[in-house]
Every structure is written in C-alpha cells, then in structure tokens.
A.B. asks: 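The structure follows.
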Amino acid sequence: MTFPPFSWARAVALLLTFTLVASCGLPRVGPNKRELFAGSVQREGDAFVVSVNDRVTRATAVTPALGFSQEFINAGTLGSDTIRPGDVLGLTIWENVDDGLLAGQGANSTILEEVQVDGAGFIFVPYAGRIRAAGNTPDSIRRVITAKLEEQTPDPQVQVRRVAGDGSTVSLIGSIGAQGVYAIERPTRTLATMLARAGGVTIVPEIAQVTVIRGNMRSQIWFQDLYDHPELDIALRGGDRILVEEDTRAFTVLGATGGQARVPFDSQTLSALEAIAQVGGLQAATADPTGVFVLRNEPAEIANTVLGRDDLVGAQRLVYVLDLTQPNGMFQARDFVIRNSDTIYVTEAPYTQFTRIITALTTPVAGVNSLSSSLSSN
C-alpha cells in the first residue's frame, strides 16, 4: 500500500498521541467519579462513600455548640455598692478625744485614703486589724470598724467611701472598638454593657465569638446569641478577661467550581449549596452536577449512625456524594451542613475529558498538516 506524500507523518503523529494519552493521561483538576468510588471501603479502599439522602442529612446536621456554663449564668449581678477585691476605699475616722489612737495632737480626725481591698477581700485598718471588705457594703464595713475601735477609743465615728477609680476591672481584647482595661461600674456590670462601653465589635456580628475567661473557667458564645438570649448577658467579676474574635472555621473547595480556595465561614451554619455559591457556583462548561463530593473525618458516633453500624471506633473517613440532578438533590444540598475543615470537590463532566483527548489528538495532526503544506510548497 502506497501512502500519499507525508501521510506517514500523520499516521506517526496519531500513534504517538494515542500512546501519550494512554500512558500519561491528560491534565485535569483531580480524580473523576470512577476513581473516587474506587477508593471506597466497599472496593478495598480506605474511605466510606455515602450517597446523601434525607436520613444522612439529619444524622450529619451537627453545628458548633457554644454557650456559657452554669457557673457563669448563675453568678448574680453585684450590687452597685458591693465592695469587691481590687476596690479602693477611703476612710475618715473621728475620735472623741484630743489625743486619740490615730489622730495626732490637736486633731480629732484621721483620713486614710486609697486603702485597697486585697485579692482575698480584706483591708487593714490600724487598731481595728484585718477586716473583710469584699461582699460587704460601705455601711456594713463602717459598722465593723466602729465596733473594733470602740473597745479602744470612746465613741469613734467612721466614714467609708469608695474612691473614684474602681479597682475591680476586666480586660477586653480582640476585635473590639477600644481594647483596654475597664472598671466594673454601675452601668457596666454585665457583659453586653461592657462590650458597648468598649465600642462594640468591629467584625461581622454573624461570625463574632465572645470568650470570657474567669480564673480557670472558660466559656464562649456567639455574639448574636448575647442579644437573642438575655440569660447569656452574664454578670462580670473583677479579673474577667473578654476576648472577641472572628470565627476561625473554614472549608476547602476544589475541582470544577468558580474558585478553588480555603474559604472561611460567613455564618454560624453553612450548607453545601451555600458553600458552593460562596466560590461562584459550579463551572457551567466543565462541572458534573452528579459528582459533588464532601470529604470529612467523621466522629465514630456519627459514622456509625450514617452507616447503620455500631462497631466503628475513632474518626472515620467519609465521602458524601451529592447529585444535584436528582429531584430532591438541590434540597439535600441545601440541608446538608458543612463543617470545619471539610473539603468540597466537584468532578468534571465526562465530555470535558473527551474534549481534551480530541484536542490532544487533533492539535499534533494540524501541526503535521501545516508542516506538510510548507514542505510541498518548497
């Protein structure tokens, strides 16, 4: 058989292209549906592949549980005149003698300024000794000091007042209008009023989290819950540390979508449909709507529920499959909850890879034809 001029070159080009495609494959965004299913435990892989339905959606609908512990919620609001550790008091003591215990010669009163309540809640008054101040009012402290001094000087008169610049303070840091140390005063005895005093939050309220640290206790709530649930507006205590920060949860999107990136959550709860929309949706020209995968390390209790088992121990690799072409597919994607560190992967439509193969086959042949024409004209 005789080949036309340069037709052997076309044959060689086609053969080389087919060989290249078969041995090395073509560029693509990631594995296809067949390869993902091949990695399932059912096919001796290391991940459970589960098609999403209404039962699976309900079993996996776990959202972050934030809230104050009962120790925080049950702490009563301190009275406006209740003395607390760190408060600074001013004392004036009058004695009904010319030469008293405290007053000098010719004076009948003694002023003790800036007597600070120590961390244990006590103050020290000369000749009266160590007196418990925390939890008491200025008037009750006055009566205690008077009773102690009456044993040593006739008819003492005592005045106790809180000095301006309350010593009980809280610190506010993070995404707050004005970070700093603030005194607990009459208008700012609860969390909400203290946050307002510091200028409010400076991040999107929907993803703002408020953490209160009190000694060795630590609790966290969503900022919006503070106003939706009045019981979370807890009473503050001296030494409280309040941290306001943005939600740190994020998910990763890969494959045939409008963008491939690690994406932070923009709300407290996020569905698969909303997550895909955040990156521009599926690529109309390449995406396979029957192959939307969510990859997750699932706790054993949820994995057992999803798979109808009771023998799994420890975190399990689960791959959830969403088919947006099914009659209920869009609703299931709307209800399927995305969690922190999830990976969403959208496969390419089969014809996309076929198109690449055709392009790879025809491009070298076109180059050979061009070369043949050039040589023929010479």
Side-chain angles (χ1 to χ4, degrees), residues 27-40 47-64 203-209 222 224 246-299 302-303 306 315-356:
R28 49 182 173 158
V29 298
N32 55 37
K33 283 175 58 177
R34 178 180 54 79
E35 290 168 333
L36 284 169
F37 278 106
S40 69
F48 293 97
V49 179
V50 178
S51 295
V52 173
N53 54 34
D54 292 337
R55 183 187 65 81
V56 171
T57 296
R58 288 192 298 269
T60 58
V62 178
T63 56
I203 55 178
V204 179
E206 288 80 1
I207 55 173
Q209 297 176 345
W222 294 103
Q224 284 191 317
E246 189 173 271
D247 184 8
T248 58
R249 294 175 301 156
F251 61 95
T252 303
V253 178
L254 298 172
T257 63
Q260 302 187 51
R262 183 176 185 272
V263 186
F265 279 59
D266 63 359
S267 60
Q268 293 183 24
T269 58
L270 189 70
S271 71
L273 206 60
E274 292 169 330
I276 294 171
Q278 273 191 239
V279 294
L282 304 183
Q283 285 186 348
T286 60
D288 180 2
T290 69
V292 178
F293 293 82
V294 179
L295 289 71
R296 173 186 301 165
N297 288 333
E298 197 74 270
I302 297 179
V306 169
Q316 303 292 320
R317 292 180 176 178
L318 264 75
V319 179
Y320 296 101
V321 188
L322 288 160
D323 184 350
L324 303 186
T325 65
Q326 292 295 318
N328 201 33
M330 294 293 284
F331 287 100
Q332 290 169 350
R334 183 199 63 184
D335 297 335
F336 187 83
V337 176
I338 296 300
R339 299 211 297 271
N340 185 39
S341 299
D342 279 356
T343 297
I344 301 174
Y345 174 69
V346 179
T347 57
E348 291 182 325
Y351 96 95
T352 302
Q353 194 70 4
F354 176 75
T355 302
R356 288 201 182 99

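For the single chain, residues carry numbers from 1 onward in sequence order. Everything numeric in this text was worked out from a predicted model, so none of it was measured.
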A.B. asks: Got Gln326 and Gln332 here, is their nearest side-chain heavy-atom distance under 4.5 Å?
C.D. replies: no
A.B. asks: So, do Ile344 and Ile338 sit near enough that their side-chain heavy atoms are less than 4.5 Å apart?
C.D. replies: yes
A.B. asks: Testing Asn53, Asp335, Asp54 one by one against Asn328 for a side-chain hydrogen bond (donor to acceptor under 3.5 Å, both in side chains), which residue passes?
C.D. replies: Asp54
A.B. asks: Any side-chain heavy-atom pair from Leu282 and Pro289 closer than 4.5 angstrom?
C.D. replies: yes
A.B. asks: Which pair of heavy atoms, one from Ala333 and one from Leu324, lies closest together, and at what distance?
C.D. replies: CB-CD2, 3.7 Å
A.B. asks: Have a look at Phe336 and tell me which of Val292, Val52, Leu270 forms a side chain to side chain contact (heavy atoms under 4.5 Å, CB included) with it.
C.D. replies: Val52
A.B. asks: With no hydrogens and no angle check, is any side-chain donor or acceptor of Glu206 less than 3.5 Å from a backbone partner on Gln268?
C.D. replies: no
A.B. asks: How far apart are the closest heavy atoms of Glu348 and Ala256, and which atoms are they?
C.D. replies: CG-CB, 4.2 Å
A.B. asks: Do Gln278 and Val253 touch side chain to side chain, with heavy atoms closer than 4.5 Å?
C.D. replies: no
A.B. asks: Can you classify the ring geometry of Phe293 versus Tyr345 as parallel (below 30°), tilted (30 to 60°) or perpendicular (above 60°)?
C.D. replies: tilted
A.B. asks: Which atom pair, heavy atoms only, marks the closest approach of Thr257 to Gln283?
C.D. replies: O-NE2, 3.1 Å
A.B. asks: Using a 4.5 Å cut-off on heavy atoms from C-beta on, say whether the side chain of Asp266 contacts that of Val204.
C.D. replies: no
A.B. asks: If I take atom CG from residue Leu318 and atom CZ from residue Arg296, how far apart are they, to the nearest 0.5 angstrom?
C.D. replies: 8.5 Å
A.B. asks: For a quick test of reading the model, state the closest non-hydrogen atom pair linking Val306 to Ala59 and the distance between them.
C.D. replies: CG2-CB, 4.0 Å
A.B. asks: What heavy-atom pair brings Ser51 and Val56 nearest, and what distance separates the two atoms?
C.D. replies: O-CG2, 3.9 Å
A.B. asks: Is there side-chain contact between Val62 and Val337, with heavy atoms separated by less than 4.5 Å?
C.D. replies: no
A.B. asks: Answer whether the closest heavy-atom distance between the side chains of Trp222 and Gln209 falls below 4.5 Å.
C.D. replies: yes
A.B. asks: Step by step, would you call Phe331 with Thr57 a side-chain contact (heavy atoms from CB on, under 4.5 Å)?
C.D. replies: CA-CA 10 Å; Phe331 287 100; Thr57 296; over 6 Å; no
A.B. asks: Ser267 and Ile207: which non-hydrogen atoms are nearest, and at how many Å?
C.D. replies: N-CG2, 3.5 Å
A.B. asks: Taking the side chain from Arg317 and the backbone from Leu295, do they hold a donor-acceptor pair closer than 3.5 Å?
C.D. replies: no
A.B. asks: Please round to the nearest 0.5 Å and tell me the distance separating atom OG1 of Thr347 and atom CZ of Arg34.
C.D. replies: 12.0 Å
A.B. asks: Taking C-beta and beyond as the side chain, do Lys33 and Leu36 meet within less than 4.5 Å on heavy atoms?
C.D. replies: no
A.B. asks: State the CG-CZ distance between Leu254 and Arg262, to the nearest 0.5 angstrom.
C.D. replies: 12.5 Å
